[in-house]
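Just below is one structure, and these are the notes that go with it.
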Amino acid sequence: MPQVEIQDLRVAYGKAKILEGVSMDVEHRELVSVIGPNGAGKTTLLRAISGVAEPQGSITFEGQRIDHLSPVQVVKRGIIHCPERRRLFPDLSVEDNLKMGAYLRSKDKDGVTRDLEKMFNLFPILRDRRNQDARTLSGGEQQMLAIARSLMSQPKFLMLDEPSMGLAVLVKRLIAETIKGIRDDGVTILLVEQDADLAFSVAERVYVLEHGKVALQGVPEDLMKNPYVKEIYLGIA
């Protein structure tokens, strides 16, 4: 049984239909990427899973329907959404941002302390910046903080929305290696990415979302041979 299974997912904002019958699944400990042009519905897909957008259709997590749950209830199931553009608390310190990621674990003080140390080991630069306000960090450092804050929730299923947006090539590579490391630690990941090269490099499977529908799906090796994917997403004539 897949850890996450989505059937005929539809989301509309007023009369605007954003998702129109999306079906997909993610296995336990799998890293799945979703690519597609702007406006394809990629972020709306994550918002629907996390309970922020009101979906029609079926979203199942570990065998139970979650499409009727509130965002807080979804988080309590272990489903964490690391949003586009980081959405940090700019006037809080790095350490306080990390602690906010563990707000549902307030009684587990020893565990939170251990996980703080784990995040500082994962991203050593955050240890050096732990007392700085989040707004003073570089774009790459802010993305590291956003991912680390999400991990402080001890996710079973982590959704990453455009983690490479606006980052330099070397920082993108670091983020890509970090994402693979998180998967290797046993966390299931659904990655939404505009950078198709990064998405293909880390994923075990890829979905191509266009006009609110799944246009293509498959393993990266096969999709990278597809002439349409090569031209439109990878820039290979």
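- Around the CZ atom of Arg105, the shell of radius 6.0 Å holds more than 12 heavy atoms that belong to other residues, nucleotides or ligands.
- Summarising the geometry, atom CE belonging to Met152 is positioned 6.0 Å from atom CG belonging to Leu98; distances are rounded to the nearest 0.5 Å.
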May I have the step-by-step check of side-chain contact (heavy atoms from CB on, under 4.5 Å) for Ile147 and Ile182, ending in yes or no? CA-CA 10 Å; Ile147 293 173; Ile182 295 168; 3.8 Å; yes
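- Here the CG atom belonging to Leu126 is positioned 7.0 Å from the CG atom belonging to Leu137, to the nearest 0.5 angstrom.
- Here the CG-NE2 distance, from Leu190 to His81, works out to 9.0 Å after rounding to the nearest 0.5 Å.
- Between Asp110 and Arg114, some side-chain heavy-atom pair lies under the 4.5 Å cut-off.
- Residue pairs satisfying the salt bridge (Lys or Arg N to Asp or Glu O under 4.0 Å) criterion with at least one member in residues 146-159, sequence neighbours excluded, are listed as follows: Glu62-Lys156.
- Between Val192 and Pro163, the shortest heavy-atom contact is O-CD, 3.7 Å.
- To the nearest 0.5 Å, atoms CD (Gln7) and CG (Leu9) are separated by 10.0 Å.
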Show which side-chain atoms of residues 72-80 pair as donor or acceptor with protein atoms under 3.5 Å away, not counting sequence neighbours.
residue : atom : partner : partner atom : Å
Gln73   : OE1  : Ser70   : N            : 2.8
Gln73   : OE1  : Ser70   : OG           : 3.3
Arg77   : NH1  : Gln64   : OE1          : 3.2

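- Legend: residues meeting salt bridge (charged side-chain N to carboxylate O under 4.0 Å, His left out) with Arg65, ordered by chain and number and at least two apart, are Asp67.
- A pairwise comparison of heavy atoms in Pro55 and Ala48 identifies CB-CB, 4.2 Å as the closest pair.
- The aromatic rings of Tyr233 and Tyr228 sit perpendicular to each other, their planes meeting at more than 60°, with 30° as the lower class boundary.
- A distance of 12.0 Å separates CG in Asp184 from CD1 in Ile179, rounded to the nearest 0.5 Å.
- Here Phe89 sits in one hydrophobic cluster together with Leu92, Met100; the rule is ILVMFWY side chains under 4.5 Å apart, joined directly or through other members.
- Linking ILVMFWY side-chain heavy atoms closer than 4.5 Å, directly or via other members, places Leu198 and Leu234 in two distinct hydrophobic clusters.
- Contact check for Met24 versus Gln217: no side-chain heavy atoms found under the 4.5 Å cut-off.
- Looking only at distances, no side-chain donor or acceptor of Thr188 sits under 3.5 Å from a matching main-chain atom of His28.
- Annotation for His211: atom NE2 does not count as buried by contact number, only 12 or fewer foreign heavy atoms lying within 6.0 Å.
- Annotation: side chain of Val229 is not in contact with side chain of Val206 (no heavy-atom distance under 4.5 Å).
- Following chains of ILVMFWY side-chain contacts shorter than 4.5 Å, one cannot reach Leu191 starting from Ile59, and the two form parts of different hydrophobic clusters.
- The shortest heavy-atom contact between Val26 and Ile189 is CG1-O, 4.4 Å.
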Working for side-chain contact (heavy atoms from CB on, under 4.5 Å), residues Glu84 and Met165: CA-CA 8 Å; Glu84 183 183 9; Met165 179 182 289; 3.0 Å; yes
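- Taking the side chain as every heavy atom from C-beta outward, Leu174 and Leu167 never approach each other to under 4.5 Å.
- A continuous path of hydrophobic side-chain contacts links Ile232 to Phe200 [ILVMFWY only; heavy atoms under 4.5 Å].
- Across all their heavy atoms, Ala203 and Ser33 have their closest contact at CB-OG, 3.2 Å.
- The salt bridge (charged side-chain N to carboxylate O under 4.0 Å, His left out) test applied to Asp96 returns no partner, not counting sequence neighbours.
- At least one donor-acceptor pair under 3.5 Å links the side chain of Glu141 to the backbone N or O of Ser138.
- Put simply, Val208 and Leu19 are part of two different groups of oily side chains (I, L, V, M, F, W, Y) that touch within less than 4.5 Å, one to the next.
- Nearest heavy atoms, Ala40 versus Leu209: CB-O, 3.2 Å.
- The salt bridge (charged side-chain N to carboxylate O under 4.0 Å, His left out) test applied to Glu27 returns no partner, not counting sequence neighbours.
- Residues Cys82 and Gln143 form a side-chain contact, since some pair of their non-hydrogen atoms from C-beta on lies under 4.5 Å apart.
- A distance of 6.0 Å separates CD1 in Ile236 from NZ in Lys230, rounded to the nearest 0.5 Å.
- Partners of Glu95 under the salt bridge (charged side-chain N to carboxylate O under 4.0 Å, His left out) rule, at least two apart in sequence or in another chain, are Lys99, Arg130.
- Listed by chain and residue number, nothing satisfies the side chain to side chain donor-acceptor pair (under 3.5 Å) test with Ser23 (two or more places apart in sequence, or in another chain).
- Applying the side-chain contact (heavy atoms from CB on, under 4.5 Å) test to Asp133 and every residue at least two apart in sequence or in another chain returns Arg135, Thr136.
- Listed here is the closest heavy atom pair of Ser58 and Thr60: OG-OG1, 3.6 Å.
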For residues 118-125, tabulate all N or O donor-acceptor pairs below 3.5 Å that involve a side-chain atom, not counting sequence neighbours.
residue : atom : partner : partner atom : Å
Asn121  : OD1  : Arg127  : NH2          : 2.8
Asn121  : ND2  : Glu117  : O            : 3.3

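- Among residues at least two apart or in separate chains, salt bridge (Lys or Arg N to Asp or Glu O under 4.0 Å) pairs with a member in residues 185-202 are Lys172-Asp195.
- Cluster membership check: Val202 does not share its hydrophobic cluster with Leu223, using side-chain heavy-atom separations under 4.5 Å among Ile, Leu, Val, Met, Phe, Trp and Tyr.
- Pairs engaging residues 202-215 under the salt bridge (Lys or Arg N to Asp or Glu O under 4.0 Å) rule: Asp25-Arg205, Glu30-Arg205, Arg183-Glu204 [sequence neighbours left out].
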